[in-house]
Amino acid sequence: MRSKLSRIKYSDAFWAFLLLLPNLLGFLVFTVFPVIASFVLSFTEWDLLTPMKFAGAQNYVNLAHDQTFWKVLWNTVYFTVGTVPVGIALSLLLAAALNQKIRGVKLFRAMYFLPVISSTVAVAIVWQWMYNPEFGLLNYILSLFGIQGPLWLTSTRWAMPAVIITSIWKGLGFNMLLFLAGLQGIDPQFYEAARIDGASAFAQFRHITVPLLAPTTFFVTVMSIISSFQVFDQVHVMTAGGPARSTSVLVHYLYQNAFQYFKMGYASAIAYVLFIIVFIATMLQFRGRKATYWSLY
Amino acid sequence: METESVQRGLRIFEEQNPGIKVEYIPVGGDEYHTRLLTMMAGNAAPDVFFINTEGYYRNFARRGVLLELNDYFYQALKLEDFIPMDQDKMLVDGKIYGTSSCVVAPVLYYNKDLFDKAGLPYPPSNPEEAWTWDEFLEIAKQLTIEENGRVVQWGVYGFENMHPREAAIYSNNGLIFSEDYSQVAMNAEAQEALTKILELRTVHKVSPPATFLEQSGMNAAQMLQTGRVAMVADGSWALQELARMGFPVGVGVLPIMQRPVTTGTAHLHSIWAGTKHPEEAWKLVEFLSSEEYQIDLVREGLWMPNRTHMYAEENRGRWINPEVHPEGFEGIADYFANYVEPNPAIFVPREAWDIFEEELDRFFLDNQPLDKVVQDMIRRIDPILK
């Protein structure tokens with residue numbers, strides 16, 4: 001008995017497990033269990049209130065025939081294609097600019113980071129003002145160039161670009177911060193050597209910054225794609241998916257099905273389709289990573 | 001403001017019922033029904049709760065989570081004491097699962113100064129004297145003022161929005177759904193009404209670009225106050241805000257296409273089927289339906305009474321409040337007593353109504369032809385209603 005206790009006392013694995021337990025329990029209860037449960041739910045018909053009915057693959061079959069589902073899937077892809085490349089390019093440029101030794105650089109960094117920590121609701125309301133067709137700042141600026149601005153949030157064509165612009169603006173600071181960290185990890189010797197060899201600023205950026213930043217860029221790209229497939233807040237607050245569902249995205253439709261249409265099983269099926277898309281997108285990026293990584297040098 | 005009134009009401013209830021303590025949980029906005037749904041699923045719902053009739057009340061009732069109130073209700077109250085639209089609102093397949101506190105329905109607000117300046121008569125408040133659509137359009141044209149090629153004052157705003165829109169369809173004898181709500185109707189009269197609404201903006205140019213008021217940071221009430229719009233079709237609840245804005249606001253009945261009508265709605269109070277205290281819960285629901293409870297919010301302009309006796313000539317003085325309700329409000333009382341019909345959104349699932357709204361967006365905002373939009377409504381909504 002005594003020896004058994006002392007064995008436990010000196011077992012690293014036991015203590016490690018014990019100390020990890022709170023976290024593991026939380027992960028099991030709040031992540032693993034819901035993930036499995038929603039997978040099971042996606043094969044049922046359930047309204048949360050009355051007993052669940054097994055539905056086989058019916059939810060997935062219905063999804064394939066659901067016009068609204070294809071529309072919101074398309075909107076989600078549109079949103080991702082609209083936000084991710086531009087967002088990454090802008091935040092990289094911004095990071096490069098704010099990595100210089102200029103006066104007040106910390107103030108600028110803080111300013112660009114501010115939207116990230118601002119509440120989405122407040123941000124959405126301010127942008128609603130900016131997008132106002134008659135009094136808004138955006139159309140005022142456009143009018144200075146003689147352009148008649150669109151109706152933005154009330155136009156089925158322009159509402160999504162409006163949401164995309166706001167999302168890029170809001171996410172810029174976060175990606176900038178990651179890029180800044182990456183930039184500061186690049187040894188200044190490389191730039192020094194390049195300058196001695198007479199490389200231009202652009203050549204330095206192209207042949208030193210971009211390749212050495214590739215791991216950060218990869219991380220930022222993966223995270224941006226995942227989060228833009230999961231976009232919800234901006235859409236929910238700015239347009240509620242309208243007009244005519246032109247800004248409704250997968251998670252928005254999922255939310256509506258779960259809590260407004262009483263279709264928990266169907267919502268779970270949407271969640272799993274979303275999961276599969278994100279999973280495949282991420283796998284493809286990991287595959288493509290090695291090839292691009294080396295070609296950049 | 002509603003929260004304060006509820007708290008005041010609950011204090012009175014607790015004083016009258018010393019054995020019962022009410023714990024009040026205010027939850028705002030869109031999250032409300034989500035929260036209620038999850039509390040019920042978790043078997044921990046409140047005994048008594050507010051519930052929206054549009055999209056939720058019937059859905060909850062048919063899933064057996066609301067206590068059926070027929071015995072309690074008929075012992076304490078009479079169905080025919082409620083105005084007819086409220087009876088329809090409460091009844092689900094002949095049974096009652098929730099009790100009403102009030103009625104709300106769209107009316108026509110106007111800024112008296114703008115009418116005086118133009119020397120035009122005010123919109124009538126007596127439903128018998130309501131303007132025809134053409135008379136209304138003529139006035140709206142005269143109230144639309146252009147300066148240097150820019151409209152500085154619009155004639156009217158609000159008919160493209162939910163509630164005034166349904167009222168106009170009904171006024172033209174249009175039907176949105178079949179009588180039993182099993183399929184989309186959208187008959188010629190309904191389509192004609194929607195076309196006339198669209199033409200206010202596109203042909204006659206008396207109404208500002210669609211829905212942009214909402215996004216201007218000014219709401220319709222502020223547009224009316226600042227004289228940017230002369231008339232606004234909006235819910236009766238808006239009077240609470242309008243009456244405090246310090247400008248001469250008037251309330252008229254909606255213009256008629258074929259017949260005078262407005263389409264009403266409003267929440268109910270229900271009891272959770274899993275309650276351990278049905279007797280006490282009913283006492284509270286009954287109190288929340290009483291004249292004593294609703295009259296404060298009626299006098300503030302947020303609600304309209306739901307009981308027929310409150311509309312009787314001799315009782316109107318109890319709730320028509322000269323500080324809030326403009327001159328001629330007697331006519332509006334007649335309007336609510338005799339011409340309110342339930343908004344069809346009360347009787348169909350939320351999913352069906354969302355598609356209806358989505359398709360109407362395509363008509364109002366996307367220049368899609370109405371017959372195509374109606375075909376799509378039928379194709380997409382009918383399977384949900386079956």
Side-chain angles (χ1 to χ4, degrees), chain A residues 46-52 62 65-68 71-72 121 124-139 149-159 162 236-248 252-253 255-264 266-267, chain B residues 29-43 45 52 54-56 59-66 150-151 160 208-218 228 273-274 349-355 357-368 373 376 379-380 383-384:
Chain A
W46 189 40
D47 60 9
L48 270 168
L49 302 175
T50 55
M52 204 179 288
N62 291 349
H65 295 101
D66 181 352
Q67 177 188 341
T68 311
K71 182 163 189 170
V72 300
V121 178
I125 288 168
V126 171
W127 276 90
Q128 279 179 353
W129 278 66
M130 307 239 280
Y131 285 128
N132 178 262
E134 205 182 351
F135 314 106
L137 185 67
L138 226 57
N139 279 5
L151 293 174
W152 292 112
L153 295 173
T154 54
S155 148
T156 49
R157 188 179 304 167
W158 287 98
H236 191 55
V237 183
M238 282 182 79
T239 61
R245 237 182 227 289
S246 59
T247 57
S248 179
H252 179 249
Y253 190 47
Y255 170 85
Q256 287 188 309
N257 272 290
F259 298 111
Q260 296 180 336
Y261 305 162
F262 299 88
K263 290 159 123 178
M264 204 46 87
Y266 200 58
Chain B
D30 280 350
E31 311 299 305
Y32 177 78
H33 291 90
T34 305
R35 174 102 180 259
L36 187 61
L37 184 64
T38 47
M39 283 169 115
M40 284 178 174
N43 215 21
N52 252 351
E54 290 145 23
Y56 292 102
N59 266 305
F60 276 100
R62 295 204 168 109
R63 285 177 167 82
V65 286
L66 306 183
R150 206 178 149 85
V151 177
E160 290 179 22
T211 67
F212 91 116
L213 289 188
E214 289 168 2
Q215 260 112 29
S216 68
M218 270 201 219
R228 298 275 330 254
R350 171 85 186 245
E351 192 179 3
W353 192 260
D354 279 356
I355 296 174
E357 293 276 358
E358 180 189 334
E359 292 293 339
L360 279 185
D361 275 355
R362 294 175 53 217
F363 171 65
F364 282 124
L365 306 176
D366 223 8
N367 305 318
Q368 297 293 316
V373 163
D376 285 341
R379 180 174 56 77
R380 298 177 66 196
I384 298 168

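Below, chains carry the letters A, B, ... as their sequence lines are ordered, and counting in each starts from 1. Predicted model, so just to flag it, every value in this text is computed and none were measured.
In this structure, chain A has a heavy atom under 4.5 Å from the side chain of B/R150, while its backbone stays farther away. Only the side chain of A/T50 has a heavy atom closer than 4.5 Å to any heavy atom of chain B. Contact annotation for A/A240: neither backbone nor side-chain heavy atoms come within less than 4.5 Å of a heavy atom of chain B. With a 4.5 Å cut-off on non-hydrogen atoms, B/R35 does not touch chain A at all.
Atom CZ of A/F259 and atom CD of B/E31 lie 9.5 Å apart (nearest 0.5 Å). Going from atom CG of A/L49 over to atom CZ of B/R62 covers 14.5 Å, rounded to the nearest 0.5 Å. Interatomic distance, B/L37 CG to A/Q260 CD, rounded to the nearest 0.5 Å: 10.5 Å. To the nearest 0.5 angstrom, A/R245 atom CZ is 7.5 Å from B/I355 atom CD1. Atom CZ in B/R63 sits 9.5 Å away from atom CG in A/L48 (nearest 0.5 Å). Separation of atoms OG1 (A/T154) and CG (B/L365) is listed at 6.5 Å; rounding is to 0.5 Å.
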Give the intermediate values and the outcome of ring pair (Phe, Tyr, Trp, His ring centres under 6.0 Å) for residues A/F262 and B/F60. CA-CA 10 Å; A/F262 299 88; B/F60 276 100; 5.5 Å; yes
Where do B/I384 and A/Y261 land on the side-chain contact (heavy atoms from CB on, under 4.5 Å) test, with the steps shown first? CA-CA 11 Å; B/I384 298 168; A/Y261 305 162; over 6 Å; no
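For B/R362 against A/A244, the heavy-atom pair with the smallest separation is CG-CB, 3.6 Å.
When the shell of 6.0 Å around CZ of B/R379 is examined, it contains more than 12 heavy atoms from other residues, nucleotides or ligands.
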